[in-house]
Number of protein chains: 2
Amino acid sequence: MEYGLLLQNIAKHIRLSADEEKYFLSGWQSKKLRRKQFLLQEGDVTKNAVFVVSGLLRMYSIDKNGFEHILQFAPPGWWIGDIKSFISQQPGSLYIDALEDSGILLMEKTYLDQLYKKVPSFERFFRILAENALGTYQQRLIDNLSLPAIERYNNFCRLYPSLIECLPQKQVASYIGVTPEFLSKMLSGKQTS
Amino acid sequence: MEYGLLLQNIAKHIRLSADEEKYFLSGWQSKKLRRKQFLLQEGDVTKNAVFVVSGLLRMYSIDKNGFEHILQFAPPGWWIGDIKSFISQQPGSLYIDALEDSGILLMEKTYLDQLYKKVPSFERFFRILAENALGTYQQRLIDNLSLPAIERYNNFCRLYPSLIECLPQKQVASYIGVTPEFLSKMLSGKQTS
DNA sequence: TTTTTCCCTTAACCTACATTATTGGTTCCC
DNA sequence: GGGAACCAATAATGTAGGTTAAGGGAAAAA
């Protein structure tokens, strides 16, 4: 059932009546993405909240030298989106694409705004979601400011053990903020840790 | 009036009845901090939401070499706190102290949890607050991954023009992620920009 | 199968920024 | 007034990680 993962995710923080659940579920549309297909590009306005059902997405920026910097991976059960663009409804600077064929669910911002009015406990749900994400980004910023590359890599392995197995090294390098060449050198000089 | 700034801040996103406002306001206690005084140290559990009324605070971590990394400055009208510790009620790893004599308002988490129940629109307020902060941290992470130090400095000046005037260079260096020496060299080689 | 694309590795060289140390100028406190 | 902090500036030296380039292997595409 396509909505199973989503409902589980919601149920972690709020409880819905049958009616509320029905209204909530009818706001979603599902979509398939092919590997390498874009969901969002620089300059686009983010009009939807996105929940990942299957596959694997990533969100990243491209700097003026053409290098990608990955902000987030999104395996099944995760939310992903350019929050600044979503809030302001202005063009954003981020890219989102699929690393594998993926299934996602989309809800338009206008529907979400209605949902907040009809089912206010979603204010709570997304407050908790945002607060958790905020904590995660704060920690990541600290790590980037204070840890050498090898420890950022170790943290990544500890935090996302399942991702490390299915991601090409190159993507991990882009997430922890080093070049693929340097990560390769680092790991070969490591043997066992 | 001590609560003026706070009520203004709230009014940007939600509207309160007289009763709601009264209940909200009675949850706060005010506190003075002397320059250099700690509000939070590594290992403490963050038990309060904090709103700054006057002065200037900063939140930072200290790495294992003893170097400080500033996550956030908080001038009047800003919120500050170790969100991970606040959510989990576990000991955190951050420090908060006052860069100048400051006035703050504190609300205990237990009161805030009650507030959410009595006045659900605060779920909305703090959702919006967290979402905005999330966007800011995402952008800062991108900047740290993709911009050279001089541009991170320029961004800081553009974003916080009033702070740049009252902060010692050393604090700015710690925020943008370079040593004070390097920032000094960078600025002397700059002349006009 | 052949071709192309993607990815990992290695290695020589390079640079942005760190480290350490010294100096001199403020401001603050006794 | 005289230390004691604190802060900015400068300079010599060090290093983590970047850049460029080349080769090989595996997987995707044709």
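By convention in this document, chain letters (A, B, ...) are assigned in the order of the sequence lines, proteins followed by strands, and residues within each chain are numbered from 1.
Between A:Phe73 and A:Tyr175, the ring planes are parallel. Angles under 30° get that label, and only those over 60° would be called perpendicular. Using bins of under 30°, 30° to 60° and over 60° for the plane-to-plane angle, the ring pair B:Phe122/B:Phe24 lands in the parallel bin. Ring geometry for A:Tyr95 versus A:Tyr60: interplanar angle under 30°, hence parallel rather than tilted (30 to 60°).
Checking side-chain atoms of A:Gln72 against main-chain N and O of A:Trp79 turns up a donor-acceptor pair under 3.5 Å. Between the side chain of A:Asn144 and the main chain of A:Arg140, a donor-acceptor pair closer than 3.5 Å is present. Under the 3.5 Å distance criterion, the side-chain polar atoms of B:Thr46 are left unmatched by any main-chain donor or acceptor of B:Ser85.
The CG atom of A:Leu25 sits 10.5 Å away from the CD atom of A:Glu2 when rounded to the nearest 0.5 Å.
Follow the hydrophobic side-chain contacts under 4.5 Å out from B:Leu7 and you reach B:Met107 in the same cluster. A:Ile80 and A:Leu33 fall within a single hydrophobic cluster, where Ile, Leu, Val, Met, Phe, Trp and Tyr are joined by side-chain heavy atoms under 4.5 Å apart, directly or via other members.
Note: OH (B:Tyr153) to C1' (D:dA8) measures 13 Å, nearest angstrom. The separation between A:Glu68 atom CD and C:dC6 atom P is 12 Å, rounded to whole Å. With rounding to whole Å, B:Leu187 atom CG is found 16 Å from D:dC7 atom P. Nucleotide D:dA28 holds its P atom 14 Å from the CZ atom of A:Arg34, rounded to whole Å.
Contact between B:Ser61 and B:Leu94 at its shortest, heavy atoms only, is CB-CD2, 3.8 Å.
For B:Ser188 and D:dT10, the shortest distance from a side-chain N or O to OP1 or OP2 is below 4.0 Å.
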Legend entry - Nucleotide-resolved protein contact map, nucleotides 25-30 of chain C, B/S/- at heavy-atom distance under 4.0 Å: ------
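Side-chain rings of A:Tyr3 and A:Phe51 stay apart, their centers remaining 6.0 Å or farther from each other.
At a non-hydrogen distance threshold of 4.0 Å, nothing from residues 58-67 of chain A comes into contact with DNA chain C. Near-neighbour residues of DNA chain C inside residues 159-174 of chain A, defined by a heavy atom below 4.0 Å, number-ordered: A:Pro168, A:Gln169, A:Lys170.
B:Asn155 and B:Arg158 share a side-chain donor-acceptor pair at under 3.5 Å.
A salt bridge is defined here as a Lys NZ or Arg NE, NH1 or NH2 lying under 4.0 Å from an Asp or Glu carboxylate O, and A:Arg127 with A:Glu131 meets this definition.
An end-to-end axis angle of 40° holds for the helix from C:dT9-D:dA22 to C:dC30-D:dG1, taken from five base pairs per end and rounded to 10°.
Here B:Lys84 pairs with A:Gln139 under the side-chain hydrogen bond (donor to acceptor under 3.5 Å, both in side chains) rule; sequence neighbours left out.
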Legend entry - Stepwise side chain to side chain donor-acceptor pair (under 3.5 Å) test for A:Tyr111 and A:Ser26: CA-CA 10 Å; A:Tyr111 197 96; A:Ser26 65; 3.1 Å; yes
Please tabulate, one pair per line, each protein N/O and nucleotide N/O from nucleotides 11-17 of chain C that are separated by under 3.5 Å, including the distance.
residue	atom	partner	partner atom	Å
C:dC17	OP1	B:Ala149	N	3.3

